[in-house]
Number of protein chains: 2
Amino acid sequence: MAVEQKAPNRYHHGDLRRALLAAVDEIVRELGVEGLSLRECARRAGVSHGAPAHHFRDKRGMLTEYATDGFEKLLGSIAFEFDKIGLDDTMGRLKAVGKGYVNFALSHQAQFKVMFRSELLDNDNERLLDRGRQVFEALTKSLAAHWAATNQGWRKENLAQISLAWSAVHGFAVLAVEADLLRMGSEGLLNPDPDAVLDQLMLIAEPPGQ
Amino acid sequence: MAVEQKAPNRYHHGDLRRALLAAVDEIVRELGVEGLSLRECARRAGVSHGAPAHHFRDKRGMLTEYATDGFEKLLGSIAFEFDKIGLDDTMGRLKAVGKGYVNFALSHQAQFKVMFRSELLDNDNERLLDRGRQVFEALTKSLAAHWAATNQGWRKENLAQISLAWSAVHGFAVLAVEADLLRMGSEGLLNPDPDAVLDQLMLIAEPPGQ
DNA sequence: AGTAGGTCTTGGCGATGTAAAGAACCGCAC
DNA sequence: GTGCGGTTCTTTACATCGCCAAGACCTACT
């Protein structure tokens with residue numbers, strides 16, 4: 001999605017909304033969220049600095065759209081992994097959630113970071129909330145399906161296991177994306193293969209005492 | 001640490017550095033990092049807007065100090081948990097790291113968020129790097145001690161396990177601090193007891209097939 | 001006492017987000 | 001087609017911000 005400039009002679013842009021979101025992505029990749037400004041977005045779209053206000057109320061509104069778009073891509077990434085796995089392979093599907101999540105984070109690092117900067121977003125936005133919920137449900141439903149398939153029933157640890165799985169997948173993605181953060185802790189020690197880490201994580205979904 | 005105003009008649013503040021860091025904390029709690037400005041810090045310390053530059057080179061420098069201070073408190077929190085556990089209880093010490101980490105995140109949410117916003121910080125700062133390293137080492141050393149004590153030796157999964165533990169603890173803290181984020185996924189479902197989640201996490205440190 | 005150096009003030013610069021008012025354009029009713 | 005309402009975009013203005021440079025003030029040391 002490239003930033004489409006407005007033709008200089010024309011008054012209307014044509015697809016300013018798209019162009020602005022493309023500009024957001026471009027800038028956030030180049031400079032991070034701190035480097036993002038409404039005016040620069042407008043500039044890249046070849047439009048005056050007041051124009052964006054008609055499509056997104058303000059900066060927060062614009063970032064909220066950008067984040068929501070990210071969640072939809074994230075859902076797509078999980079769906080992509082699902083498609084490779086048979087419905088009966090509940091363990092495989094469980095791992096697919098983690099894979100889709102981590103893959104998205106790694107391939108859209110800048111956007112991923114924005115998605116979880118709740119101070120920057122309108123957290124009451126319906127679409128944003130909905131997409132977030134869907135991601136969470138992909139995880140919980142896959143876990144539940146696996147437990148059902150392995151006849152484990154519902155045990156009291158399950159709630160904590162859901163939290164742990166959610167924490168680990170998100171935490172891994174965050175750490176992978178924050179390269180400087182890894183630098184701090186590890187200096188090369190911690191340069192893990194996502195697959196191996198996910199395999200370890202899967203163990204918590206197994207019945208105890210195996 | 002309260003923000004100490006400069007006495008209006010005096011020319012020197014006396015302890016401006018401390019006062020500014022206190023102001024940072026105050027503002028970040030109230031408004032988040034986005035709401036932070038050098039000028040507002042100066043105002044709260046009763047000092048002109050140019051004054052902070054002499055103590056921290058610029059905004060990034062100020063935030064770096066604030067973050068470093070946070071890492072030191074985090075180390076303190078882990079040490080506090082360690083003190084309650086005997087040296088021979090390697091499992092207890094392992095859990096203590098997670099507890100100290102999560103406790104700090106929960107009791108200093110605003111500061112915790114800043115600490116991991118690497119785009120805002122001077123990531124080459126020696127003290128910052130050092131304190132970060134120390135936190136990571138608290139985890140890895142405790143894991144290594146536990147493995148040594150349980151005669152497991154070094155297995156090839158250990159690296160992935162370290163990553164997983166680090167991811168899970170950090171991820172859990174992040175999710176706990178980002179309340180709005182939890183709202184998205186859970187709406188009450190995911191309001192976990194840190195202790196229960198840590199217990200689940202501890203299982204990965206055990207030898208396989210138990 | 002005098003001076004060097006650190007602390008703080010002041011004023012100014014360019015940039016930002018938001019608001020309000022006006023210009024250009026589109027589509028629809030007539 | 002013509003006129004008109006609503007939308008998209010421009011323009012101007014304002015308060016605030018980070019940073020810089022010049023100067024005033026104070027402390028400490030010789």
Side-chain angles (χ1 to χ4, degrees), chain A residues 3-24 26-28 30-67 114 117 119-122 125, chain B residues 3-24 26-28 30-67 114 117 119-122 125:
Chain A
V3 185
E4 303 156 33
Q5 287 255 139
K6 189 193 69 170
N9 47 339
R10 297 208 45 69
Y11 190 88
H12 280 64
H13 181 286
D15 203 358
L16 184 53
R17 187 190 174 86
R18 284 187 90 72
L20 286 172
L21 286 175
V24 171
E26 200 177 85
I27 297 172
V28 164
E30 288 174 19
L31 311 167
V33 212
E34 329 310 319
L36 180 79
S37 79
L38 273 174
R39 287 167 116 103
E40 177 63 19
C41 289
R43 241 168 275 147
R44 300 208 184 189
V47 121
S48 82
H49 70 264
H54 295 271
H55 296 272
F56 318 100
R57 200 146 63 91
D58 51 14
K59 194 177 182 182
R60 159 173 268 102
M62 192 171 68
L63 279 172
T64 301
E65 290 299 306
Y66 180 62
V114 174
R117 293 284 306 283
E119 336 87 65
L120 299 180
L121 309 178
D122 170 16
N125 182 284
Chain B
V3 185
E4 303 157 32
Q5 288 255 139
K6 189 193 72 170
N9 48 339
R10 296 206 47 68
Y11 191 88
H12 281 65
H13 181 288
D15 203 356
L16 184 54
R17 187 189 174 87
R18 283 187 89 72
L20 286 172
L21 286 174
V24 171
E26 202 177 84
I27 296 172
V28 164
E30 287 173 20
L31 311 168
V33 212
E34 331 309 321
L36 181 79
S37 79
L38 275 174
R39 288 167 117 104
E40 177 64 20
C41 289
R43 242 168 273 146
R44 299 209 184 188
V47 121
S48 81
H49 69 262
H54 295 271
H55 297 273
F56 318 100
R57 200 146 62 92
D58 50 14
K59 195 178 182 180
R60 160 173 265 101
M62 193 170 68
L63 278 173
T64 301
E65 289 298 307
Y66 180 61
V114 174
R117 293 283 307 284
E119 336 88 65
L120 300 179
L121 309 178
D122 171 17
N125 181 285

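Because the structure is predicted, anything quoted here is derived from the model rather than measured.
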Just N and O in the side chain of [X]: are any of them under 4.0 Å from OP1 or OP2 of [N]?
X	N	value
B:His55	C:dG6	no
B:Ser37	D:dC17	yes
B:Arg43	D:dC17	yes

Quick one: [X] [atom1] to [N] [atom2], roughly how many Å, whole number?
X	N	atom1	atom2	value
B:Arg44	D:dC17	CZ	P	11 Å
B:Met62	D:dC17	CE	P	12 Å
A:Leu20	D:dC9	CG	C1'	12 Å
B:Leu31	D:dT16	CG	C1'	14 Å
A:Glu34	D:dC17	CD	C1'	15 Å
B:Arg57	D:dG18	CZ	P	16 Å
B:Asp15	D:dT27	CG	P	16 Å
A:Lys59	C:dT18	NZ	C1'	12 Å

Side chain of [X] - closest among [options]:
X	options	value
B:His49	C:dC8, C:dG11, C:dT18	C:dG11
A:His54	D:dT8, C:dT9, C:dG17	D:dT8
A:Arg39	C:dT18, C:dC8, D:dT10	C:dT18

Is there a side-chain contact between [X] and [Y] in this structure, where contact means two heavy atoms from C-beta onward sitting under 4.5 Å apart?
X	Y	result
A:Leu63	A:Leu36	yes
B:Glu34	A:Arg117	yes
B:His49	B:Leu38	no

*Would B:Arg57 and B:Met62 satisfy side chain to side chain contact (heavy atoms under 4.5 Å, CB included), going step by step from the backbone distance to the final call?*
CA-CA 7 Å; B:Arg57 200 146 62 92; B:Met62 193 170 68; over 6 Å; no
_Presence of salt bridge, A:Arg44 and A:Glu30, under 4.0 angstrom_ = yes
